[in-house]
Amino acid sequence: MTTGFQSAPDTPHYVDLRARLAKRDRGLRDKVMSLSEAIGTIADGDHVAIGGNTFSRTPFAAIWELVRQQKKRLTVSRSITSTEGDFLLAGGCVDKYMTSWFSQGILWGLSRVMRDFVENGKVTYEEWSHMSLGMMYRAGALGIPFLPTRVMMGSGMPEALVTSLETMTCPYSGDKLLLLPALNPNVALIHVQRADKYGNAQYDGLPFMDADMAMAADRVILTTEKIISNDDIRNAPDHTKIPFMAVDAVVEVPYGAAPHECAGFYEPFYKHMDEYADFTRKNGVPGALDYMQEHIFEPRDWTGFLKKLGVGLPN
Amino acid sequence: MTTGFQSAPDTPHYVDLRARLAKRDRGLRDKVMSLSEAIGTIADGDHVAIGGNTFSRTPFAAIWELVRQQKKRLTVSRSITSTEGDFLLAGGCVDKYMTSWFSQGILWGLSRVMRDFVENGKVTYEEWSHMSLGMMYRAGALGIPFLPTRVMMGSGMPEALVTSLETMTCPYSGDKLLLLPALNPNVALIHVQRADKYGNAQYDGLPFMDADMAMAADRVILTTEKIISNDDIRNAPDHTKIPFMAVDAVVEVPYGAAPHECAGFYEPFYKHMDEYADFTRKNGVPGALDYMQEHIFEPRDWTGFLKKLGVGLPN
Amino acid sequence: MGKHQMNQTYTTSELLSVMCSRVMPDGAIIFAGVGVPLLGATLAQRLHAPKLTILFEGGIIGPFIQPGRLPSSTNEMRTAEKANMLLNPTDVLALLQRGYVDIGFIGGAQIDQYANVNSSYIGSYRQPAPRLPGSGGGNDISSLVETIVIMPHEKKRFVENVDFITSPGYVAGGNSRKDAGLISGGVLKVITNLCVFDCDAVTRRLCVRALHPGVTIDAVLDNMGFRPEIPDDLETSEPPTGEELEILRELDPTRIYLK
Amino acid sequence: MGKHQMNQTYTTSELLSVMCSRVMPDGAIIFAGVGVPLLGATLAQRLHAPKLTILFEGGIIGPFIQPGRLPSSTNEMRTAEKANMLLNPTDVLALLQRGYVDIGFIGGAQIDQYANVNSSYIGSYRQPAPRLPGSGGGNDISSLVETIVIMPHEKKRFVENVDFITSPGYVAGGNSRKDAGLISGGVLKVITNLCVFDCDAVTRRLCVRALHPGVTIDAVLDNMGFRPEIPDDLETSEPPTGEELEILRELDPTRIYLK
C-alpha cells in the first residue's frame, strides 16, 4: 500500500504504527524504573522527541543519561532547542535534528556547537516552522497522515528539507494548502511535576507540545519531580494531561529539568547556563565536550550532577 | 477564489471568516450583560453551536431564552443532543440540525419530537459521527478548511448528508481519507463554572468540545455559574480553557445548565427530566409544547423557571 | 425483555453482560457504552481482568464505576467518577484512530450478514420510520478498531442487508471494507442472547461459533432474517455462574440495565 | 549597538522600542518576541493602550510583565506571569491561523526589497556560514497575519534578495505572495533605527514612509544594499519623549535588551 509513497521519511505507515502500538502492554501496571533502565530501552537509530520547550520543563536528566549511554544515529525532534541540543550533537548521538529554532537562548546568542555540525554537514538538519512541528506531532497523535496548513509556503523552508512536502488545492475552498506529514517519534522524553506509578502525568504552567508528542510517539519515558498515588490522580482527573496507557517508563527524578526550569519547583539556573555558555564561547565544540566531561560523564549519578549545580536534594 | 467550491455549506471561506473576526472588538473589555441582551445578539438564520454534551453543562438558560425570543431558521449543531434539541425543534427555531445522536437520553428512549420533525421532513437533519463533528469544530478552530479522517467511509452517512463530502488519496501514505469540512458556527453558546467579566472561562470536569467550538465560532455567548475576578483567573491561568478574546458576552446565570448537570455544582434533575419525558410520551410534539408553555414561556424570568424546578437561589 | 425464554435463572441482559465480560482480556483497553458493555466490563474487572481499562466517548479514561451508581449516559459526570483522566470527546475518539483501543463495543437496531450495524434509519433515510437516535461514537468505533457487537437475537434485527449502514462491519463482504478506506478494525464477534458469531475470514459473512447453554441452532436460525455460515464444529458457551450473576446484581441493584 | 549615532539621548534599542510601541493600537492583540517588541508593548500598555493584549509563542495569552523581571525566552515561565491563559504553542500559533491576532512582530538577520526576512542561513542553505537559530514562530507569524518587522538599519541586513526566505514578506513582489498560497497577512511596516518603511501597494517593494528625528534620506540609503521606493512626501517621526524613555528604563533597569 505504501509503494511510491516515500516522501515523508519520519512518517511510518499507519498500519505499521498501529501494529507497534498493539504490541505494547497498555494495561494499568507499575512502570517505575531507574533512569538508566528507562533510557536503556532507547535503541540506536530511534527517533527521540523532547518535551518542554527551550529551557522550560526540558527532560534534562533523561537527555543527560542518554548522552552518557552514548546512543547513536538518533533522529531528534524538539520545537525549540536549547543546551540539550548541544550535548546531543557534541555527544555524537544525532544523525538528524528537527527543530524550529536552535540556540542556548537569545541571551547567549548562536550555538557554536550547532553551527559546527550544520555548517560542516555533520548532521542532517531540518528547520520547520514552530507551529508546523506542533501540527506534525498533532497529526501523529490523531492517527492521521497529515494536517493541512497555511504556513511555510512562499518561504525557502520546504526546499531546504530532506522531507519532500506535498501541497494540494482544497476541494472545499479552492485554497492552496501545505500538507504537514504526521510525526510519530519512537520515543518521547517528557518531564512533569507529578505522575503516578502507572504513568498518569499531570503538569502545571506552560503545557508545551508534550501531550501531542506523547500520543504521537511509539513509547513515552516520563521523568517526574515526584511520584504521587493513583488516588491523588483520580481525585483530580481533569488535571491529567497524559494518560497512563501512553507511558512506558516512570522515573522519579527531583530536579529532573535542571539546569532548566520546572514551573512551581525551580527557575532556570541562569548562572550555570552562563557558565556553560563560557565553555563554548571560548572553545566551541571542544569547550562543550569539556563541560560534558565534567558535568555529564564524570558524576557518578544524577545527584552528582546536581551537586555540581549547587543543589542539595531534600530528604 | 471560491467559485466552483460550494460543497460544504457550513464552511464560510477563510477570507470571509477572518474578515468577520477582524471586525470584532477583541480587547480586554467588560462584556457582562443580561441573558436577554446576550441572546438578542443572535440573528435569525445564524448557525448556533451548543456546548456541553447530552445533559452535561448544557447552556440551558441560553437555549431557554433563545426559544423565548423565538429565533427562526437557525442551523443548530451539537455533538450529542438531549432535551434542548426538542425545545429548539418544537419551538420552530431550526432549519437545519447537525448532530451525532439525538434522544433525551438512553433511559428515556427515542425523541418523539425529533422523530416527528425528521420523519415528516420538517427539518434538514444531518447525522455525523461523534468524532467527525468534533474534528469539524477543530478544523474551524485551527483556521484550516478541513481535517482528514478515517471514519464515516463505507457507511451510509456521507450519502445521507446535505453536505457533499470529499475524499482524497493521501500523497504521503496512499491511504484513502475522508475530508471533514471546517465548521465555523456564527455563535457558540457555552456554560461554565466560572469566568471573569472579560470572558476568560474556566470549567471543571468533562471539557467536551467547548474549547474548539468557541475558537471556531464567529462569536461566543458565555453563561457562567459565577463571575470571578480577573485576578483569580490570572492566579490560575493554566485552568483557563477559553480566552477572553473569543468571548463576546458574559452572563452570570446560577443553575444555568439546569435541569442538566454542572460538575461540582449540581447533578441532573432526573425527576424533572422524567416529568418532561411524560409530556412527550403521552402527547408527542403538542406535549412538548405544553411543557414549554409552562416552563419556558410562562415564567417571568430564569428564576421563575428555577422555582418550578424546585430550586431556590442562594442570596 | 424479561426472563430468558429458556427458563433459566438469568435475564437476557444478564446473559449478554456475562458473555460480554468474558471476551475482555486483562490489561485491555476497551471502549464501551453505558449499558451491557459497562456491566460486562465492570464484572470482568471484578473477576479475571483487574487491569482492564474502560474508555467512554464522553472523554473518560479509566473510571471506577460504583455499584448502584451506574451512569445513564456516556457523557455525564457519574461516568467520570474516579477516572484517571478526563479528555474531550474528540481526543478520546482520536485514541481509537491512533490505535490505543483493543476492543470497541457497539449496539444498534439492525445488523446484517456482513455485520454492518444500523442505528440511524428504519426504512429510507429520505423518509424513515422511525428515525433512530443515531451513531454517537458508533461509527467511529466500528470504523477504527476491532469491534464486538452486542445485539438481542430477534428476526427484525438480523436482516440480510441493513436499511442503512451507520457502523460499518465488512460493508459488502470480501475486501470491500478495506477498499472503502477502512484499513484497520473490523467486527470480531457478534454476541447475542442465543449465540456468538464471528465473520468468515474470506466471505466476511456472519458465522455461528458458539451456542449459549440450552440453545439449538434452529432457535438461532428461526430468529434471523437470513442464513449465516454454520461450521460443523459449534462450541457451547459456559452458562453464567452464580458469582457472575451476583456481582452483576450488586452493580445494578435497581435493574436499570438488567432487564 | 551602543548609543545612537545621532548623538541623541537614547540608544538604538530605546528608539526601536518607542517606535514599536506607537504602532500598537489600544485593544489590539499582538504577537511578540521578548526583546524590543515586548518592551514596546509594555510601554504602549502604560501609555496609550491599556487594553493591548500580548501573545507569546510559548503559549501565553495576555501576561502582565513586571519591571525588572523581563523574560529571556518566549517559552519560559517568567513570560507567563499573571497571564490570562496558558495554551500549548501549537494552539497559540493556530490563533494566528484563525485570525485572532492583529499584528505580529518579527526580527531577523536580513530583509530584502520585498520585505522577506531571513533568520536561518547566511550563504547557501547547503553550506551556510553562519547557520542562524532559525524561524521559531517567525514563519508562522509572517505567513498568517499582518506583520511588522523590527530591524537594525545596516547595509549587511538590507539586501536586495535575502539568502533564504525564512519569513515571507511579499515573496517576489506583485501578487506572488497570494499566488504562493498566503492569502492573508503581509508586511505592514518595517521599523528601523533610521526610518519606517511600508510596502508599495502594487510592486510590494519597500517604500520609505517616515524618517526618524535627525535622520536624512541619504543616511537611510547609505545603510542599505538596495534602493527602496521613495515617495515625495516623507514624514518625520516624533522623537522619543522623556516619559517613554523613563518607562522603558524602569522596565529594563539592568539593560538586558536596552543596549
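We name chains A, B, ... by the order of the sequence lines, and we start the count at 1 in each one.
For chain D, the nearby parts of A:Glu119 are the backbone and the side chain; heavy atoms of each come within less than 4.5 Å. The contact between A:Glu159 and chain D is made by backbone and side chain atoms together, counting heavy-atom distances below 4.5 Å. For A:Ile80, the part lying near chain D is the side chain, with the backbone staying farther off; criterion is any non-hydrogen pair under 4.5 Å.
In terms of the side chain to side chain donor-acceptor pair (under 3.5 Å) criterion, A:Ser155 has no residue partners (sequence neighbours excluded).
Exactly one of A:Phe55, A:Phe60, A:Tyr270 qualifies for a side chain to side chain contact (heavy atoms under 4.5 Å, CB included) with A:Pro259. That residue is A:Phe60. Only one option out of A:Thr224, A:Thr58, A:Asp210 pairs with A:Ile190 in a side chain to side chain contact (heavy atoms under 4.5 Å, CB included); it is A:Asp210.
Scanning both residues, A:Arg112 and A:Arg281, for their nearest heavy atoms gives NH1-O, 3.0 Å. Residue D:Pro89 comes nearest to A:His130 through the heavy atom pair CB-NE2, 3.7 Å, listed as atom of the first residue, atom of the second, then distance. Contact record, D:Gln110 with D:Lys156: CG-O, 4.1 Å, taken as the closest heavy-atom pair.
Around the NZ atom of A:Lys226, the shell of radius 6.0 Å holds no more than 12 heavy atoms that belong to other residues, nucleotides or ligands.
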request  = Carefully, step by step, assess A:Thr240 and A:Gln202 under the rule side chain to side chain donor-acceptor pair (under 3.5 Å).
outcome  = CA-CA 5 Å; A:Thr240 306; A:Gln202 302 188 338; 3.1 Å; yes
Below 3.5 Å, can you tabulate the donor-acceptor pairs from side chains in residues 133-140 of chain A to any protein atom, sequence neighbours excluded?
{"residue": "A:Tyr137", "atom": "OH", "partner": "A:Ser77", "partner atom": "O", "Å": "3.4"}
{"residue": "A:Tyr137", "atom": "OH", "partner": "A:Ser77", "partner atom": "OG", "Å": "2.6"}
{"residue": "A:Arg138", "atom": "NE", "partner": "A:Asp212", "partner atom": "OD2", "Å": "2.9"}
{"residue": "A:Arg138", "atom": "NH1", "partner": "D:Asp91", "partner atom": "OD1", "Å": "2.9"}
{"residue": "A:Arg138", "atom": "NH2", "partner": "A:Asp212", "partner atom": "OD2", "Å": "3.1"}
{"residue": "A:Arg138", "atom": "NH2", "partner": "D:Asp91", "partner atom": "OD2", "Å": "2.9"}

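One N or O on the side chain of A:Ser82 and one on the backbone of A:Gln104 form a donor-acceptor pair closer than 3.5 Å. Side-chain N or O atoms of A:Glu126 include one that pairs as donor or acceptor with a backbone N or O of A:Thr163 at under 3.5 Å.
Comparing D:Asn88, D:Leu86, D:Asp140, D:Leu182 by how many heavy-atom pairs each has under 4.5 Å with chain A, the most go to D:Asp140. The greatest number of non-hydrogen atom pairs below 4.5 Å with chain D, out of A:Leu110, A:Val151, A:Thr167, is found for A:Val151. Among A:Arg57, A:His260, A:Met209, A:Met153, the residue making the largest number of heavy-atom pairs under 4.5 Å with chain D is A:Met153. Ranked by heavy-atom pairs under 4.5 Å with chain D, the first of A:Arg150, A:Arg115, A:Lys176, A:Met131 is A:Met131. Between chain A and the options D:Ser143, D:Gly136, D:Gly181, heavy-atom pairs under 4.5 Å are most frequent for D:Gly136. Contacts with chain A were tallied for D:Pro133, D:Ser120, D:Ser135; D:Pro133 has the most, counting heavy-atom pairs under 4.5 Å. By number of non-hydrogen pairs under 4.5 angstrom with chain A, the leading residue of D:Ser142, D:Gly59, D:Ser119, D:Pro128 is D:Pro128. Between chain A and the options D:Thr79, D:Asp179, D:Ile256, D:Leu144, heavy-atom pairs under 4.5 Å are most frequent for D:Leu144.
When the heavy atoms of residues 158-174 of chain D are compared with those of chain A, the residues falling under 4.5 Å are D:Phe164, D:Ile165, D:Thr166, D:Pro168, D:Val171, listed by number. Applying a 4.5 Å heavy-atom cutoff, the residues of residues 93-106 of chain D that approach chain A are D:Leu93, D:Ala94, D:Gln97.
Stacking of A:Arg194 on the aromatic ring of A:Tyr203 is not recorded, the 6.0 Å distance cut-off and the 45° axial limit not both being met.
Taking the six-membered ring for Trp, A:Tyr276 and A:Phe87 have ring centres closer than 6.0 Å.
Using the six-membered ring where Trp is involved, A:Tyr125 and A:Phe102 have ring planes that are tilted, between 30° and 60° apart.
Side chains of A:Thr81 and A:Tyr97: a donor on one and an acceptor on the other come within 3.5 Å.
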